[in-house]
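Worksheet: the structure to be examined is printed underneath.
For ligands, and for the atoms within them, numbers begin at 1 and follow the listed sequence. Index from 1, following the sequence.
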Amino acid sequence: MANHPGSSRSLPNTSPGLSYWQRTTRAFPSLLANRHVAVPRVAKYVVIGSGISGALTAFELLEAGVYGEDVIILEAREAASGASSRNAGHVRPDAFRGFTAYAKVHGEEQALKIIANERLVLEKVDEFTRKHNVPCDFSLTTTFDVCMTPEFAAYAAESLDAYKKAGGDTSHVKCHQGEEAQAKTRVPGAVAAYEWPAGSSHPAKLAQFLLKAAIDKGAKLFTFCPATKIKKNEAGELWDIHTPRGVMTTEKIIHCTNAHAALLLPRLESYIQPNRAQAHTLIPTPAFAAENALTNTFSLRYSLHHFYSLIQRGGDGTLVLGVSRSNPTLSAETLAGRFSTDDTHYNDEIAQDALRNFGQIFPDYKAEDAMHGEGLEHAWTGIIAMTTDSVPFVGAIDSLPGQYICAGFNGHGMARIFTCAPGVVRLVLGGSWSDTGLPECFQFSTDRLSKLTDGSVSSVW
Ligand SMILES: Cc1cc2nc3c(=O)[nH]c(=O)nc-3n(C[C@H](O)[C@H](O)[C@H](O)COP(=O)(O)OP(=O)(O)OC[C@H]3O[C@@H](n4cnc5c(N)ncnc54)[C@H](O)[C@@H]3O)c2cc1C
């Protein structure tokens, strides 16, 4: 196995730090499932990766009638220890802003579908969590896209206009300008703000619920059991998956390995790039406690690439502050550090920048008056998977019959996986692409890769 840390042709780092979400779910009974147990010699379906994508794929296979004992989930570290348990907790569809950029790469029709799909995902997550009583603290609310500069306000207005002109539905989007935006968002520096439905969730609890449901139905999760190599078996009909705890022969493999997809699918190395992202938890000062707690979620934007995301959890009131991967005020060294698969530590310069900006954006937070126990509580990193054309790879890998992929969520998995994983399951079980209901540009194909190779499309972000 050729492991290339820093590229998607890598295994996850073996000494990850813990996120807030992981620290608050250490008693999940399957966290270390089958840690020392050998894998079975044969399995019908093998899902690689136990994040929300792998967990929902396994869940949906069983919902569709596949026998639990036919499903194996392989996980390189503890259960759901990748981006799914390290994110900023936002289930936030794009309502219009990405339209222009997506349209440049994929055309207007696909751009409309990409945005409509994210709106659908929010509905699906809401419906799913209610139907199954998922204890993942899902909260359906509205989000504010706060424009912190006149330039970004102009960009957002142009994007909204272009989206509407192309026939995009904006009936769920409210626009607030100037003083109204400031009053609604509690952000004195807001130039404008757009508001639309979004949610937040405890992502580790969501992934763990899905894994538990699959395990309860007979599926087997093997943690600390990376798939290191896949080869055709001797008869040339099935696949041999190599792991440190044995070789498993299987008919169908679903790659849910996100930022590490290219270890087993080396051709993807140039098309999926791992990027390290960082998030923080803050214990609120009185200005954000009790009846002052935020009930909406936020994206606080200085520019397309420089922004902060914010949710406040019900119950414990913890604020979760995410930061953009790119930020012009950070040092070159810190910016270069984002091209990494190392989620061991957080970066203090990023944490200090996030706290400073949070204090400036919400001056009534008054960090300087914080009592012991208030303020920054924890910081962590996780690895997101950026694709060259900014949309995920979903579907059959045409050159490797029996292998499928559901990966490359561009830091937006919570707003995408709930249609992509059910979609890939339909394909695994014999459906056609139209059965998935997904935008055609999400479909994995050699042709898509060739277009990316010859430069006829390029990255959105
Ligand atoms: C700091 C941060 C903030 C974010 N904030 C948000 C947000 O607010 N909203 C949002 O929508 N998205 C957000 N994201 C992105 C979101 O978390 C991801 O898009 C989503 O979790 C991807 O889920 P996944 O299951 O595809 O990948 P992952 O959760 O990364 O799961 C992949 C799994 O595969 C395992 N694996 C990899 N290779 C192998 C192998 N060879 N063998 C066995 N196992 C393997 C990994 O260990 C991992 O557990 C954020 C991400 C980060 C890091």
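If you look at Leu11 next to ligand 1, the close heavy atoms, those under 4.0 Å, all belong to the side chain. Proximity of Ser309 to ligand 1, defined as any heavy-atom pair under 4.0 Å, is not found for any part of the residue.
Taking distance alone, with nitrogen or oxygen atoms compared against 3.5 Å, Cys406 stays at or beyond that limit from ligand 1. The shortest N/O to N/O separation between Ile417 and ligand 1 does not fall below 3.5 Å. Considering backbone and side-chain N/O of Trp380, none are found under 3.5 Å from N/O of ligand 1. Between Pro226 and ligand 1, no pair of N/O atoms sits closer than 3.5 Å. On a distance-only criterion, His260 and ligand 1 share no N/O pair closer than 3.5 Å. For ligand 1, the polar-atom distance check finds an N/O of Ile52 within less than 3.5 Å of one of the ligand's N/O atoms. The shortest N or O to N or O distance between Ala227 and ligand 1 is below 3.5 Å. Between Glu75 and ligand 1, at least one N/O pair is under 3.5 Å apart. Annotation: Ser53 places an N or O atom under 3.5 Å from an N or O atom of ligand 1; distance criterion only.
Looking only at protein heavy atoms, the nearest one to atom 30 (O) of ligand 1 is Ala83 N, 3.0 Å.
By the 30° and 60° cut-offs, the orientation of the rings of Tyr163 relative to Phe96 is tilted. The aromatic rings of Phe59 and His132 lie perpendicular to each other, with more than 60° between the two planes, well past the 30° mark.
Residue Lys174 places its NZ atom among 12 or fewer non-hydrogen atoms of other residues, nucleotides or ligands, all under 6.0 Å distant.
Ligand-side atoms of ligand 1 in range of Ala76: 43 (C), 44 (N), 45 (C), range being under 4.0 angstrom from any heavy atom.
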